[in-house]
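Computed over heavy atoms, backbone and side chain alike; hydrogens, waters and symmetry mates excluded. First the proteins, then the strands, lettered A, B, ... as listed; each starts at 1.
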Number of protein chains: 2
Amino acid sequence: MQTSWIESANDGVTDFPLQNLPFGVFSTNRLDPRVGVAIGNQVLDLRACAEQGILRSLSPAIQQACTAPVLNRLMLLGRTASSALRGLLLEILGSDPVEARSKVTRILSSASDVTMHLPAVIGDYTDFYASIYHATNVGKLFRPDNPLLPNYKYIPIGYHGRASSIVISGAGVKRPNGQTKAADADHPAFGPSRSLDYELEVGFFIGAGNTRGEAIPIHEAENHIFGLCLLNDWSARDIQAWEYQPLGPFLAKNFATALSPWVVTMEALEPFRAASFKRGQEDPEPLPYLNSEADRRQGAIDLTLEVWLSSQRMRESKQAPIRISKGSARDLYWTLAQMVTHHASNGCNLQSGDLLGTGTVSGPAKDSAGCLLEMTQRGAEPIQLPGGEIRKFLEDGDEVIFRGFCEREGYPRIGFGECRGIILPAS
Amino acid sequence: MQTSWIESANDGVTDFPLQNLPFGVFSTNRLDPRVGVAIGNQVLDLRACAEQGILRSLSPAIQQACTAPVLNRLMLLGRTASSALRGLLLEILGSDPVEARSKVTRILSSASDVTMHLPAVIGDYTDFYASIYHATNVGKLFRPDNPLLPNYKYIPIGYHGRASSIVISGAGVKRPNGQTKAADADHPAFGPSRSLDYELEVGFFIGAGNTRGEAIPIHEAENHIFGLCLLNDWSARDIQAWEYQPLGPFLAKNFATALSPWVVTMEALEPFRAASFKRGQEDPEPLPYLNSEADRRQGAIDLTLEVWLSSQRMRESKQAPIRISKGSARDLYWTLAQMVTHHASNGCNLQSGDLLGTGTVSGPAKDSAGCLLEMTQRGAEPIQLPGGEIRKFLEDGDEVIFRGFCEREGYPRIGFGECRGIILPAS
């Protein structure tokens with residue numbers, strides 16, 4: 001495989017080899033927020049690249065987009081533009097070292113010196129429910145007789161989330177207050193949530209959008225996806241249980257949603273595409289508007305997803321975080337393309353920078369459950385932490401760390417970096 | 001009552017007397033979109049006011065905010081700022097005619113010559129469900145035994161809507177396609193909705209926001225409201241029925257939401273405040289965080305809301321629209337302040353320009369139902385139009401017109417203008 005003249009990109013363990021080149025927004029002490037690309041343990045300043053003429057073989061629109069403080073303008077230009085930029089970056093970072101170095105060494109920052117920001121201004125955030133394992137596991141807890149609702153295998157179920165409270169990895173998450181009602185109580189009470197949870201998801205950003213009133217055919221859907229990141233849809237289960245009928249989750253979810261900072265492109269994930277979910281004999285075919293041969297053949301992504309946890313006590317006693325689950329986005333019932341096409345099928349206009357989430361990614365195995373609600377069976381089967389602690393749900397001081405990566409024999413690891421967050425006490 | 005030197009503001013029938021002064025965003029052939037204020041049949045250009053020094057007695061921040069192409073910057077400055085601006089406009093438009101005329105006559109446009117735009121960049125849109133009559137009527141149709149869910153009287157139920165598809169009054173609304181499933185069908189089918197509906201709502205914009213993690217106490221909630229407008233939450237009932245479990249409405253609602261263009265301030269509505277909904281003997285008191293003496297005493301607004309309809313055939317035969325319902329925002333179970341406080345009670349950050357909707361406003365009488373679903377009992381009792389047409393739900397070519405106004409003996413009518421939309425055929 002091609003290597004980079006930036007040595008840390010070739011060490012075999014980095015999330016960001018030459019084949020990845022995810023986009024993000026960073027700043028340093030000296031530099032305002034700007035678009036960059038991760039390579040090994042370095043971040044290349046794309047604004048500086050544009051200003052110094054390094055991107056002059058690309059269209060003026062792409063060069064201009066690279067000078068913006070967020071990725072929206074690049075997203076707006078669509079898949080062809082981001083592919084062209086990626087192609088040039090592959091050349092610059094993988095080419096003859098002497099010439100390349102002289103060009104860009106001065107506009108590289110060490111990843112440890114940069115502050116990451118939200119990659120885009122997010123107009124709308126939509127969260128799906130694409131894991132049939134998650135839907136079934138959660139359904140069993142609330143409706144033992146009827147875990148999976150009749151619409152599930154026909155509709156990529158989704159709902160609108162809150163855009164204002166989307167935060168970047170590392171932001172603290174204050175335990176929310178809210179109304180909860182104990183099963184044996186006559187009335188609800190207001191106070192701190194006692195069943196705070198994470199939800200392990202994949203987020204994906206819209207590149208070029210669609211006009212209001214016009215659908216996106218399934219075979220064009222992936223052209224509207226700019227790239228992917230990790231997403232933690234923080235959830236308060238006790239608030240959710242009391243509020244969610246009949247209009248869905250609201251305050252149980254909208255206090256914070258966290259994103260990993262680097263957006264991995266569909267091109268980088270190309271070698272890890274896989275056949276979409278294998279439906280059972282009795283399962284219906286997707287309706288025609290959601291059905292395409294190409295999507296069936298390689299609509300999924302074999303992206304490994306891990307959840308790590310460290311408690312405050314663990315950190316105080318220098319214990320490393322432990323991994324509490326491991327799953328794969330390959331297990332999703334619905335593909336990203338199906339979610340995009342369904343979303344726009346009524347003419348809803350998706351816009352550049354909009355964020356879609358897959359919903360909690362759970363697999364068939366118990367240790368592949370993407371949230372504590374499932375893993376502990378709503379607290380009935382707590383998990384063990386080193387040092388004798390147990391967890392039904394999250395405690396103040398707990399840090400949750402998501403990791404995501406694609407691995408395949410003979411190909412560099414394509415990583416997503418991390419999505420982290422620490423629980424702060426309620427106010 | 002004080003009158004304006006602009007005669008059309010004093011005619012007793014205008015929606016926009018001197019006492020109203022709603023804010024909006026307009027353009028003309030010659031002028032870019034900019035902030036304006038409606039007065040009689042005229043629109044005053046606030047950007048020009050700021051640029052010509054007419055607002056110089058106000059803070060530089062307010063003058064700057066008036067030069068923006070949307071209201072967000074004025075909203076951000078909070079209630080004190082918009083009140084100060086309103087106070088000065090009352091003086092300018094109500095004062096000694098000769099002096100005032102010489103100042104502002106040249107920067108007035110005739111309302112018939114302007115194009116209106118969305119008043120703000122709307123970051124997030126949240127829709128509530130604050131009418132207990134609506135919740136009960138709809139609940140009866142879907143759950144005859146159990147119309148009102150147990151949480152209703154404790155929680156101002158709400159959910160996140162779609163910001164990208166919010167449109168200004170006058171925009172066409174294409175009939176959405178979607179999955180629907182007939183009661184006797186084995187499988188769902190994809191095609192145009194056959195039960196398209198309007199929902200009569202009041203929208204309200206957030207002025208100053210709150211920081212993520214910090215609540216808004218009930219006694220401060222109204223200070224975060226910039227003003228009100230009419231809102232049509234277009235809904236496809238057949239799509240909704242099949243998709244809404246378990247995460248709430250999604251594609252049934254997000255194809256379009258329409259707003260009336262003029263934002264009426266809380267100050268203008270002050271004379272029409274009323275006691276909040278009179279709860280019954282067995283109804284619970286609101287939990288303390290949603291309970292305040294002032295809100296009980298005058299948390300409601302006696303705002304009359306009307307729905308008018310004209311079919312294509314009616315317009316072709318020169319028939320005027322007919323009024324099909326009339327209700328009042330006074331009948332809402334939850335107040336605007338309670339909705340704001342509940343929304344932020346978990347630390348969710350509301351931002352300037354965010355839009356909240358009350359949900360369908362229905363009253364106790366049948367002709368005060370705020371949507372066709374209720375009025376026709378899901379099509380079982382169609383309404384009659386002139387010329388022999390009937391309506392269960394909306395047909396292509398139907399135009400829906402919302403009007404809203406406050407009236408009181410001895411006080412000028414405070415009107416909201418109109419929110420209009422015509423149904424276009426599905427594609």
Are B:R212 and A:W234 in a cation-pi contact, defined as NZ or CZ under 6.0 Å from the six-membered ring centre and within 45° of the axis?
no
Largest heavy-atom contact set with chain B, pairs under 4.5 Å, which of A:G123, A:P150, A:A171, A:G158:
A:G158
Does any backbone or side-chain atom of B:L287 lie under 4.5 Å from a heavy atom of chain A? Answer side chain, backbone, both or neither.
side chain
Say whether B:S362 and B:E374, considering side chains only, have a donor N or O and an acceptor N or O under 3.5 Å apart.
yes
If you count heavy-atom pairs within less than 4.5 Å of chain B, which of A:I155, A:I122, A:V173, A:N177 leads?
A:I155
Where does B:L290 contact chain A at under 4.5 Å (heavy atoms): side chain, backbone, both or neither?
side chain
Run the numbers on B:N254 and B:S165 for side chain to side chain donor-acceptor pair (under 3.5 Å), then give the verdict.
CA-CA 7 Å; B:N254 68 9; B:S165 53; 5.7 Å; no
For the pair B:K253 and B:E243, find out whether any cationic side-chain nitrogen is under 4.0 Å from an anionic carboxylate oxygen.
no
Selection from A:G209, A:A215, A:S164, A:A252 maximising heavy-atom pairs under 4.5 Å formed with chain B:
A:S164
Side chain from CB out, backbone as N, CA, C, O: work out which of these in A:A189 comes under 4.5 Å of a heavy atom of chain B, or both, or neither.
backbone
Toward chain A, the part of B:P284 with a non-hydrogen atom under 4.5 Å
neither
Select one option (side chain, backbone, both, neither) describing which atoms of B:F190 are under 4.5 Å from chain A's heavy atoms.
both
Considering only heavy atoms, which portion of B:L350 lies under 4.5 Å from any heavy atom of chain A: side chain, backbone, both, or neither?
both
Just so I understand: if I count every heavy-atom pair under 4.5 Å between each of A:G213, A:P176, A:P188 and chain B, which residue has the most?
A:P188
Give, as side chain, backbone, both or neither, the part of B:T126 having an atom under 4.5 angstrom from any heavy atom of chain A.
side chain
Could you tell me which of B:G178, B:P246, B:S427 has the largest number of non-hydrogen atom pairs under 4.5 Å with chain A?
B:P246
Contact class of B:R162 relative to chain A, heavy atoms under 4.5 angstrom
both
Might you confirm whether atom CZ of A:R194 has over 12 heavy atoms from other residues, nucleotides or ligands at distances under 6.0 Å?
no
Looking at A:Y159 versus B:H160, is the centre-to-centre ring distance below 6.0 Å?
no
So that I can tick it off, tell me whether B:D283 and B:K153 are bridged by a salt bridge, with the cut-off set at under 4.0 angstrom between side-chain N and carboxylate O.
yes
Given the side-chain rings of A:Y333 and A:Y152, with only the six-membered ring counted for Trp, is the space between their centroids under 6.0 Å?
yes
For chain A, which candidate among B:H187, B:E214, B:K181, B:H343 shows the most heavy-atom pairs at distances under 4.5 Å?
B:H343
Residue among B:P249, B:G347, B:G139 with most heavy-atom pairs under 4.5 Å to chain A:
B:P249
Residue A:V167 versus chain B: region with a heavy atom under 4.5 Å:
side chain
Select, from B:Y125, B:Y129, B:Y244, B:F142, the one with the greatest count of heavy-atom pairs under 4.5 Å involving chain A.
B:Y129
Which of these, B:T360, B:L141, B:N137, sits in a side-chain contact (heavy atoms from CB on, under 4.5 Å) with B:L373?
B:L141
Among A:R175, A:R143, A:Q351, who wins on heavy-atom pairs under 4.5 Å with chain B?
A:Q351
So, A:D238 versus A:S193: side-chain donor-acceptor pair below 3.5 Å or not?
yes
Would you call the rings of B:F250 and A:H342 parallel, tilted or perpendicular, where under 30° means parallel and over 60° means perpendicular?
tilted
Contacting moiety of B:L149, where chain A heavy atoms sit under 4.5 Å:
side chain
Backbone N/O of A:E199 and side chain of A:D233: donor-acceptor pair under 3.5 Å
no
